[in-house]
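First the proteins, then the strands, lettered A, B, ... as listed; each starts at 1.
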Amino acid sequence: KAGVTQTPRYLIKTRGQQVTLSCSPISGHRSVSWYQQTPGQGLQFLFEYFSETQRNKGNFPGRFSGRQFSNSRSEMNVSTLELGDSALYLCASSPPADEQFFGPGTRLTVL
Amino acid sequence: GENVEQHPSTLSVQEGDSAVIKCTYSDSASNYFPWYKQELGKRPQLIIDIRSNVGEKKDQRIAVTLNKTAKHFSLHITETQPEDSAVYFCAASSDFGNEKLTFGTGTRLTIIP
């Protein structure tokens, strides 16, 4: 079975721009969660989608949004980028009430 | 919301010795506690997990213990090897099973040959 994939792997943007990241879960997994990883804040939960509905949300500003498609693929969008948004963005997929499998992440650099 | 504290932030042990990493959580409703290992430049990978109805779980050289009363859980690695060097994260979850994880701040474990 193919693992969780994320595109792109690396991204450089400037302040004020917006960015869209993509995540393809493991086949059959309907839950997709997104996390932000930074050296200072560690791993922080952004949001989780299940069957195209946002089921959980972390404490991030409204500039961070996401969606899930009928094939369970998910995207997250960050608008009006700030320097502090530079991070590794990880998505994870899971079957119901089971372990989360992480993707390789997208490294976002905001200049 | 849930808060997870993890100690120590760095840990160095001689190869062959044991390593222990401890975490405490704040939400008594938390019922799932996974541990992830993240090697440099790689994705976090689950190494062991425990649910709140179990006090201890072992998998070869790795074990996790859970004390629900005290709201803390620990990772034990015995007979450490150089490939155990990595950052280890504990996490806790109480929402819909396991999908929303609150992570500890991580422990950088270095095994000294």
- If you group Ile, Leu, Val, Met, Phe, Trp and Tyr by side-chain heavy-atom gaps below 4.5 Å, do Val32(A) and Ile26(A) land in one group? no
- Message: Hydrophobic cluster membership, with links at side-chain heavy-atom distances under 4.5 Å among I/L/V/M/F/W/Y: are Ile12(A) and Val110(A) in one?
- Response: no
- Query: Measuring heavy-atom distances to chain A, does Pro44(B) have an atom under 4.5 Å in its side chain, in its backbone, in both, or in neither?
  - Reply: both
- For the hydrophobic clusters of this structure (ILVMFWY residues joined by side-chain heavy atoms under 4.5 Å, transitively), does one cluster hold both Ile62(B) and Trp35(B)? yes
- Item | Ring centroid separation Phe45(A) to Phe103(B) under 6.0 Å | no
- Do Ile111(B) and Tyr88(B) belong to the same hydrophobic cluster, where Ile, Leu, Val, Met, Phe, Trp and Tyr are linked whenever their side-chain heavy atoms lie under 4.5 Å apart, directly or via other members? yes
- Would you mind checking which part of Gln45(B) comes under 4.5 Å of any heavy atom in chain A, side chain (CB onward), backbone (N, CA, C, O), both or neither? neither
- Message: Side chains of Tyr36(B) and Leu43(A), heavy atoms from C-beta outward: is any pair under 4.5 Å?
- Response: no
- Task: Inspect the surroundings of CD in Gln60(B) and state if more than 12 heavy atoms from other residues, nucleotides or ligands are less than 6.0 Å away.
- Result: no
- Task: Please say whether more than 12 non-hydrogen atoms of neighbouring residues, nucleotides or ligands are located less than 6.0 Å from CZ in Arg108(B).
- Result: no
- Within-4.5 Å side-chain heavy-atom neighbours: Lys57(A) and Lys100(B): no
- Is it the backbone or the side chain of Gln44(A) that comes under 4.5 Å from a heavy atom of chain B, or both, or neither? neither
- Task: Please round to the nearest 0.5 Å and tell me the distance separating atom CG of Leu46(B) and atom CG of Asp98(A).
- Result: 9.0 Å
- Contact class of Pro95(A) relative to chain B, heavy atoms under 4.5 angstrom: backbone
- Query: What residue, out of Gly58(A), Pro104(A), Gly105(A), Ser93(A), has the most heavy-atom pairs lying under 4.5 Å from chain B?
  - Reply: Pro104(A)
- Within a radius of less than 6.0 Å around CD of Glu79(B), do more than 12 heavy atoms belonging to other residues, nucleotides or ligands occur? no
- Query: So do the side chains of Leu101(B) and Gln100(A) get within less than 4.5 Å of each other, counting heavy atoms only?
  - Reply: yes
- Considering all heavy atoms, the nearest Leu88(A)-Gln38(B) contact: CD2-NE2, 4.4 Å
- Item | Arg63(A), CZ: over 12 other non-hydrogen atoms inside 6.0 angstrom | yes
- Query: Within a strict 4.5 Å, meaning less than it, do heavy atoms of the Glu99(A) and Tyr32(B) side chains meet?
  - Reply: yes
